[in-house]
Protein chains: 2
Amino acid sequence: MATIRDLARRCGVSVATVSRVFNNPDAVTRETREAVLRAAALLGYTPSAPARTLATKRSRMVGLAWDTGHRGPGWRHPFLQELLVGLKTALSERGYHLLMLATGEDADGHLRAVRRHSLDGVVFIDDGTADPALTRLAESGVPCVSLDRPVTGRRATYVTSDNAGGAGAAVRHLYERGRRRIATIAGPGRTHPGAERLAGYRAALAALGLPLRDEYVVEGDFYLGGGHAAMRRLLALDECPDAVFAAGDEMAVGAVRAALEAGLDVPGDVAVAGFDDIEPASLVRPALTTVAQDRAGFGAAVAAALISMIDDPDAAAPPPTVLPVRLVVRETSGPPRAG
Amino acid sequence: MATIRDLARRCGVSVATVSRVFNNPDAVTRETREAVLRAAALLGYTPSAPARTLATKRSRMVGLAWDTGHRGPGWRHPFLQELLVGLKTALSERGYHLLMLATGEDADGHLRAVRRHSLDGVVFIDDGTADPALTRLAESGVPCVSLDRPVTGRRATYVTSDNAGGAGAAVRHLYERGRRRIATIAGPGRTHPGAERLAGYRAALAALGLPLRDEYVVEGDFYLGGGHAAMRRLLALDECPDAVFAAGDEMAVGAVRAALEAGLDVPGDVAVAGFDDIEPASLVRPALTTVAQDRAGFGAAVAAALISMIDDPDAAAPPPTVLPVRLVVRETSGPPRAG
DNA sequence: CGGTTTCATGTAACCGGTTACAGATAAATC
DNA sequence: GATTTATCTGTAACCGGTTACATGAAACCG
């Protein structure tokens, strides 16, 4: 491995000059710069990241605090892969890398990892449940961006979808398809998307002049079984809904299944709309009407927020990013049974 | 941030002693060690990773070369999330971290990243298509472990599932359910799982004494549309199969759909089995019989292979790990229509 | 033309660890 | 008690960069 001194000697310049070629090219004569770059290419020289980090205290790495386990190890992000691709791509365009932080250790493991590696920032992905350790990290001054979860901290912000707007769009869509008794299977209230989607549902009903019935709001757990159980409760009501907005696709699939099992037709007797546009949504029959999030946009937005804070060490955190969503109409929200 | 010298001064010992406390505790008196550890806890001291890397040339980080894009950006790993969790967990237990490598740059970007960050090893995740840059990396001497893709290189090995065995199990299962005209929708032959699953299908037919008919082997692309199209071709045959083993679940779902569209009953007229046990497999109706892989085991196996190579710098690569698979019987392989 | 600026470059300290080697002390051996 | 050996600790060089400051040359100026 060639070092900066090898390169300097070979070019007959000082190490400072070589360093400048890579960090502040304009401070060096064009000829010198080109000679150094040529020699670098020849020797296969690449500046050592740890050495640079040691000297500058900036690692050009951001940590990924990806915790599963609050809601059980079974928790899965609906589109982790696209998220990571987007994040990785956007970060790498700016010269940053993603370091996956280990879960476990003690509660402050992440904070220690940040100091250990001189991380420039941290991204949280979790199930939206507040974790005191993450909160402390966000308040420690390290630039932090979380997904779908409000955070406090001078240099902490978050990225989320327009959950309320998407829920509203789904409800309006059901209304336009002639439904008037629109229920919801909500997500857990302690999660941000769960709470926001419920708020959006309520707001939309109010805007449409529909009554808000308590019995039409059932809380689920974002999982298939929860959606199934919730739907059974809704179907047992005296005045059973003719449409259901489920705050998550898995719950929506469970709801459809419960309706079919009860001998109802979907969408004939009851229409269903979900949220997230998970892969199975288009694979099940009837295919699920749902609200799709801007998957690629998430990663890019996280990277943008993070880098803006990193670049300006004493700027306050940018306001939360709210990404637009898009209603995807499929089969479960078809027209009601004639008559 | 407390440094090793702060700690040394505070404890009245030398930096060497402090260093030893963390790296070679037995070389230090118990009293001294405990005093240092106490002080470390008090000051919140954590050894700096970059400084350590600089001095030792070992970063305790492994790169994740996760390339999408060969088979198009749409390529998705069937269980990336479990894979990453397993990998991250297994690595962190041994004190290693995962650094996500950026795609793009020029072809040798990964190799440069390895040198830049003094990475101790690299994990490949891709769609199984050979990429010359990765091959070069594997042959460069860096410990490499790839997923579902044979690699050459003195310190390179791979982890895969028992693809042939799983395919055989699926075929035998269909046979036991009374099927005799068993076709397959294969994956692309250039991918390792595609080739292996086809081999397993062939071996099983031979072992069961069933004839091997060329027209019963149709190559798909692992996607829904490919499975659908392949099934249509199979159904158009003079003697149409009564069972289909699809080498991937998405193709299996497409095949089921094509059969249903043709007015056939699944499994009454034609049984279907898939491979991978993707999430939708249990969500579609009829639910898909498939071969499940050891999702958690993958990450652990990769970490084990990698660390064994890292720990012993001049050992050859361990042999490939082949993880057992498990047949998951659901509805699409039910009994044939009576009569 | 002397004095001031500007610009490109070099020198050397520093970032925070590890570790070879030497030195000191205590234990073991004869 | 002297000598050897084992055990613990310290000194200082080194890993490969960055950067404050100094230096010297060229450009500019009245």
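In what follows, chains carry the letters A, B, and so on, assigned in the order in which the sequence lines appear, proteins first and then strands, with residues in each chain numbered from 1. The structure displayed is predicted, hence computed values, not measured ones.
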Gap between atoms [atom1] and [atom2], on [X] and [N] respectively (whole Å):
X	N	atom1	atom2	value
A/Leu7	D/dG17	CG	P	9 Å
B/Ile4	D/dA12	CD1	P	16 Å
B/Arg5	C/dA13	CZ	C1'	13 Å
A/Met1	D/dG16	CE	P	8 Å
A/Arg115	C/dG17	CZ	C1'	17 Å

- Task: Would you jot down, in residue-number order, the residues of residues 15-34 of chain A having a non-hydrogen atom under 4.0 Å from DNA chain D?
- Result: A/Ala16, A/Ser19, A/Asn23
- Task: Using heavy atoms and a sub-4.0 Å distance, could you list which residues of residues 42-62 of chain A are near DNA chain D? By number, please.
- Result: A/Tyr45, A/Thr46, A/Pro47, A/Ser48, A/Ala51, A/Arg52, A/Leu54, A/Ala55, A/Thr56
If I take atom [atom1] from residue [X] and atom [atom2] from residue [Y], how far apart are they, to the nearest 0.5 angstrom?
X	Y	atom1	atom2	result
A/His97	A/Leu64	NE2	CG	14.5 Å
A/Leu37	A/Arg30	CG	CZ	12.0 Å
A/Leu323	A/Asn163	CG	CG	10.0 Å
B/Arg94	B/Ile310	CZ	CD1	9.0 Å

- Note on the structure: Which of B/Asp120, B/Val114, B/Val62, B/Leu119 passes side-chain contact (heavy atoms from CB on, under 4.5 Å) with B/Val142? Answer is B/Val114
- Item | Result of checking B/Leu83, B/Thr160, B/Leu87, B/Asp126 against B/Leu147 for side-chain contact (heavy atoms from CB on, under 4.5 Å) | B/Leu83
- Item | Ring-ring centroid check A/Tyr158 A/His192, cutoff 6.0 Å | yes
- Message: According to side chain to side chain donor-acceptor pair (under 3.5 Å), does anything in residues 11-23 of chain A pair up with another residue at least two apart or in another chain? List the pairs.
- Response: A/Ser14-A/Thr17, A/Ser19-A/Asn23, A/Asn23-A/Arg52
- Message: Using OP1 and OP2 only, check whether a side-chain N or O of B/Ser14 sits under 4.0 Å from D/dG10.
- Response: yes
